[in-house]
**Student:** 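Structure below; questions to follow.
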Amino acid sequence: MEQPAPSPGPSTVPPPPGPEAPRPPQTGWQRFKRLLLGGPKDIQDPQLFHALSLAAFLAWVGLGADGLSSSSYGPEEAFKNLGNHQYLAIFLALATGLTVLVISAAYDKIIEHFPFGGGGYIVAARLLGPKAGVVSGSALLIDYVLTCTTSVAAGGEAVFSNFPAEWHHWKLPVELVAIAVLTVLNLRGVKESIRVLMPIFVIFLITHVILIGGSVGFHIGRTGEVARQFTTGLSHDLGTMGFLALSLLFLRAYSLGAGTYTGIEAVSNGLSIMREPRVLTGKRTMVYMLTSLALTAGGIILAYLLMGVQPVPGKTMNYRLAEMLAGGIHLGPLPLGHWYVVVTIASEALLLFVAAQAGFIAGPRVMANLAQDSFLPHRFSALSDRLTMQNGVLLMGGASFLMLLYTGGSVDALVVMYSINVFVTFSLSQLGMIRYWRRPETRRRVPAWGKPMAIAVICFVVCAFILVVNLLEKFAEGAWLTVVVTGTLVAVCLLVKRHYNGVYERLKRLDEILGALPTQARAKPLVIDPKKPTAVLLVGSFSGLGIHSLLTVMKLFPRYFANVVFMSVGVVDSATFQGVEEVDQVRERTEQALQKYVDLARGMGIPADFRMSMGTEAVSECRRLATEVANEYPRCIFFAGKLIFERERWWDRFLHNETANQIQQRLQFAGLAMVILPVRVLA
């Protein structure tokens with residue numbers, strides 16, 4: 001938005017002649033950063049998008065682990081709330097599997113109709129309006145912070161289930177270290193972090209197939225006994241409690257197990273990192289997720305019932321289940337069963353750490369979407385030289401770190417807050433899809449609209465019911481906090497949007513200059529003389545802001561500059577980093593904008609040309625390009641505009657980057673002269 005902020009789009013213009021300027025020596029911190037995070041990615045590599053995108057299996061590991069890992073705490077919470085009516089676990093297992101199927105089917109349609117990702121935020125914003133979108137996006141963002149926090153906290157509990165109670169004071173420090181390690185892994189890149197964690201995912205699958213298969217398989221012969229217990233218990237409770245009371249008890253337990261369904265939406269939010277064809281890859285990933293989650297969550301609930309598992313302080317119910325199934329098995333002197341329990345619970349714990357990946361993958365993308373729509377500072381849509389949304393990853397890691405400290409790593413408290421935000425997004429997304437299927441144009445275009453409409457309605461009713469029950473039941477136990485935090489974030493987003501809109505409106509006055517400019521280029525060609533004084537103007541898109549800077553330079557230095565060179569660095573951010581075609585389109589638009597500046601200057605009788613480059617970070621790429629331009633035009637002076645507010649406040653400095661100052665510092669250190677032109681923004 002500020003004048004020095006380069007317009008996106010790489011250049012097709014060959015670099016000017018001249019020796020490449022030596023890069024400054026790296027500092028100790030820069031060398032350590034490269035060692036920790038790896039070297040930069042080449043944005044011009046034609047194979048880059050294919051190399052960074054995820055096939056369905058890797059997407060299942062990175063995004064599906066969030067849903068699959070919820071079987072470590074969701075079924076336990078639901079089962080415990082059945083109290084003495086554990087025979088209802090049969091219904092609970094069926095209801096859990098059906099709910100996973102319904103929500104997955106509903107999000108399958110979102111994948112199909114919103115193939116560029118964004119999930120709950122994009123659906124609500126496009127179909128219900130920007131205010132509903134920002135509520136959904138804020139809830140989703142808090143959800144992903146809590147995804148990281150809850151997964152790591154639950155993983156810590158699973159790990160320390162293997163250790164004596166006197167070791168438990170180390171649980172929180174270990175969890176905090178895990179958050180820091182995951183943050184660093186995600187700063188290196190999504191694909192690299194998933195490959196590191198993939199073996200954990202595979203071990204979890206193997207051990208839990210044995211756990212569920214063994215628990216159910218060993219009790220096949222007890223089918224008649226289980227049926228009698230179910231019939232007896234149901235008859236007794238119907239006679240003493242009545243159908244209504246028993247139904248409410250079941251629905252309460254079912255709703256309080258809402259943590260089981262968290263993570264299903266991650267696939268639709270992360271479509272932008274999937275391999276082409278994205279829709280097909282996303283749908284295949286969703287099939288993997290719903291199958292694994294439905295079988296695992298439903299199977300664990302059934303295993304609790306068949307094995308007669310009861311809660312034990314300091315131990316998870318999954319630990320007790322594995323211990324009861326195989327804890328006493330020996331192979332000669334070897335305690336084979338004990339080692340199976342250790343490996344099973346360790347894989348569960350580590351998978352919970354893997355599940356935090358979904359927060360680090362999808363959370364920054366939600367921030368980027370909000371930033372693109374000016375609900376968050378624009379810097380959250382920027383990419384690092386490793387092509388990660390570095391600012392978003394750091395914020396996710398920092399917020400998760402603080403949330404762990406605040407709750408002391410309490411899974412019960414975190415799951416309550418986590419579930420509420422998930423189902424706010426679920427409900428708004430399905431409400432938006434209901435509105436979509438009700439549109440006459442949609443019905444004309446999609447004759448078979450009845451089935452997806454029915455799925456959206458059922459999913460909305462289920463999700464809204466679970467949301468209301470959790471709010472009412474858990475409001476005093478922590479639900480109030482998530483309402484306050486999410487509401488505060490919504491308010492902040494609306495204030496940020498209001499600020500940006502106000503600045504845009506005031507800057508529109510500069511566009512009035514366009515109507516008074518010459519529109520015809522001079523018949524006689526104007527030749528640039530590189531030996532003469534040259535003004536190099538850093539510009540963005542073709543607008544009154546850039547023209548104002550050009551006229552200011554001509555006014556301040558009358559008849560001094562013989563040439564003007566317009567310079568732009570195409571910044572590839574999260575919005576344009578979707579594929580080769582999107583980047584090419586931005587390149588073309590940027591080149592067209594720069595050509596308009598050149599035509600304008602020539603129409604004013606000034607010899608002009610332009611230079612372009614591209615990258616993910618404006619300042620460093622601008623320094624490199626400026627050095628090349630200075631080699632070609634040795635008598636050049638660089639100019640860049642900077643927004644100056646009449647009454648500048650701290651949020652003005654935060655919301656509007658200091659690109660001009662940073663570029664000036666870099667160029668001056670390189671021995672190049674640069675002048676910052678003030679662009680006034682009146683209050």
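Note: hydrogens, waters and symmetry copies are ignored here, and every other heavy atom, side chains too, is used. Nothing here was measured: the structure is a model prediction, and the numbers come from that model.
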**Student:** Would you compute the distance between atom CE of Met317 and atom CD1 of Ile301 and round it to the nearest 0.5 angstrom?
**Tutor:**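 If I round to the nearest 0.5 Å, the distance is 10.0 Å.
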**Student:** Answer whether the closest heavy-atom distance between the side chains of Tyr436 and Lys109 falls below 4.5 Å.
**Tutor:**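 Result no, sub-4.5 Å side-chain heavy-atom pair not found.
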**Student:** Give the minimum heavy-atom separation between Lys283 and Asp108, together with the two atoms involved.
**Tutor:**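 Nearest pair, atom of Lys283 first, then Asp108: CG-OD1, 3.2 Å.
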**Student:** Is there side-chain contact between Arg252 and Leu248, with heavy atoms separated by less than 4.5 Å?
**Tutor:**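 Arg252 does not reach Leu248 side chain to side chain.
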**Student:** Within this structure, what is the CG-CG distance for the pair Leu211 and Leu321, rounded to the nearest 0.5 Å?
**Tutor:**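 It comes to 4.5 Å.
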**Student:** Dump the intermediate steps for side-chain contact (heavy atoms from CB on, under 4.5 Å) on Tyr288 and Ser292, then the final yes or no.
**Tutor:** CA-CA 6 Å; Tyr288 294 162; Ser292 58; 5.6 Å; no
**Student:** Just checking, any donor-acceptor pair under 3.5 angstrom between side chains of Thr260 and Thr96?
**Tutor:**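 On atom types as modelled, these side chains do not qualify, holding no pair under 3.5 Å.
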**Student:** Assess whether side-chain contact (heavy atoms from CB on, under 4.5 Å) is satisfied between Asn470 and Phe423, documenting all intermediate values.
**Tutor:** CA-CA 10 Å; Asn470 275 272; Phe423 280 91; 5.8 Å; no
**Student:** Looking only at heavy atoms, what is the nearest atom pair of Ile111 and Gly282, with distance?
**Tutor:**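 Closest approach of Ile111 to Gly282, heavy atoms only: CD1-O, 3.8 Å.
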**Student:** Aromatic rings Tyr500 and His378: how do their planes relate, parallel, tilted or perpendicular, breaks at 30° and 60°?
**Tutor:**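 Parallel: the ring planes of Tyr500 and His378 meet at under 30°.
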**Student:** Can you tell me how far the OH atom of Tyr107 sits from the SG atom of Cys459, to the nearest 0.5 Å?
**Tutor:**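 SG of Cys459 is found 7.0 Å from OH of Tyr107.
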**Student:** Tell me if the CZ atom of Phe230 is crowded by more than 12 foreign heavy atoms within 6.0 Å.
**Tutor:**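 It does: Phe230 CZ has more than 12 such atoms within range.
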**Student:** Are the side chain of Lys497 and the backbone of Asp373 linked by a donor-acceptor contact shorter than 3.5 Å?
**Tutor:**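 Looks like yes, one N/O pair under 3.5 Å.
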**Student:** Can you name the closest pair of heavy atoms from Gly83 and Gln86 and give their distance?
**Tutor:**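 Smallest heavy-atom distance, with atoms named: O-CG, 3.3 Å.
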**Student:** When rounded to the nearest 0.5 angstrom, what distance separates CG in Asn421 from CG in Asp143?
**Tutor:**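 Reported to 0.5 Å precision, the distance equals 6.0 Å.
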**Student:** Quick one: CG on Leu370 to SG on Cys493, what's the gap to the nearest 0.5 Å?
**Tutor:**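 Atom-to-atom, Leu370:CG and Cys493:SG are 5.5 Å apart.
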**Student:** Specify the closest pair of heavy atoms between Leu246 and Leu238, including all atoms of both residues, with the distance to one decimal.
**Tutor:**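 Looking at all heavy atoms of both residues, the closest pair is CD2-CD2, 4.1 Å.
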**Student:** Going by salt bridge (charged side-chain N to carboxylate O under 4.0 Å, His left out), name the residues that satisfy it together with Glu348, two or more places apart in sequence or in a different chain.
**Tutor:**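 Applying salt bridge (charged side-chain N to carboxylate O under 4.0 Å, His left out) to Glu348 gives none.
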**Student:** Is there a side-chain contact between Ile434 and Val457, using heavy atoms and a 4.5 Å cut-off?
**Tutor:**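 Yes; the side chains approach each other to less than 4.5 Å.
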**Student:** I'd like to check the side chain to side chain donor-acceptor pair (under 3.5 Å) partners of Thr99; sequence neighbours left out, ordered by chain and number.
**Tutor:**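 Here the qualifying residues are Tyr254.
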**Student:** Are Phe375 and Pro130 side-chain neighbours, meaning at least one heavy-atom pair lies under 4.5 Å?
**Tutor:**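 Sidechains of Pro130 and Phe375: in contact.
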**Student:** Please name all residues satisfying ring pair (Phe, Tyr, Trp, His ring centres under 6.0 Å) with Phe460, sequence neighbours left out, ordered by chain then number.
**Tutor:**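 Testing Phe460 for ring pair (Phe, Tyr, Trp, His ring centres under 6.0 Å), a comparison that skips the adjacent residues, returns none.
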**Student:** When you compare the side chain of Thr240 with that of Asp237, does any pair of heavy atoms fall below 4.5 Å?
**Tutor:**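 Sidechains of Thr240 and Asp237: in contact.
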**Student:** Less than 4.5 Å apart, any side-chain heavy atom of Met241 and any of Leu249?
**Tutor:**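 Met241 vs Leu249: side chains touch.
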**Student:** Would you call Thr344 and Asn318 a side-chain contact if the rule is heavy atoms closer than 4.5 Å?
**Tutor:**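 They are not in contact (no side-chain heavy atoms under 4.5 Å apart), so the answer is no.
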**Student:** What distance separates Leu481 CG from Thr486 OG1, expressed to the nearest 0.5 Å?
**Tutor:**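 Here the interatomic distance stands at 8.5 Å.
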**Student:** Would a distance-only check, ignoring hydrogens and angles, find a side-chain to backbone donor-acceptor pair under 3.5 Å from Ser136 to Ala132?
**Tutor:**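 Absent.
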**Student:** Please report the closest heavy-atom contact between Ser104 and Leu290, naming both atoms and the distance.
**Tutor:**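 In terms of heavy atoms, the two residues are closest at OG-CB, 3.2 Å.
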**Student:** Just do the side-chain contact (heavy atoms from CB on, under 4.5 Å) check on Leu182 and Val152 with the steps written out, would you?
**Tutor:** CA-CA 10 Å; Leu182 285 168; Val152 170; 4.2 Å; yes
**Student:** Where do Leu127 and Arg439 come nearest, in terms of heavy atoms and distance?
**Tutor:**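 Scanning both residues completely, I find the closest heavy atoms to be CD2-NH2, 3.6 Å.
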**Student:** Can you list the steps and then say if Ser215 with Leu306 is a side-chain contact (heavy atoms from CB on, under 4.5 Å)?
**Tutor:** CA-CA 7 Å; Ser215 299; Leu306 295 174; 5.8 Å; no
**Student:** Is there side-chain contact between Ile122 and Ile110, with heavy atoms separated by less than 4.5 Å?
**Tutor:**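 SC-SC contact between Ile122 and Ile110 ruled out.
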**Student:** Would you say Arg443 has more than 12 foreign heavy atoms packed within less than 6.0 Å of its CZ?
**Tutor:**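 For Arg443, atom CZ is crowded (more than 12 foreign heavy atoms under 6.0 Å).
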**Student:** Does the gap between the ring centers of Phe204 and Phe201 come in under 6.0 Å?
**Tutor:**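 They do not qualify: ring centres at least 6.0 Å apart.
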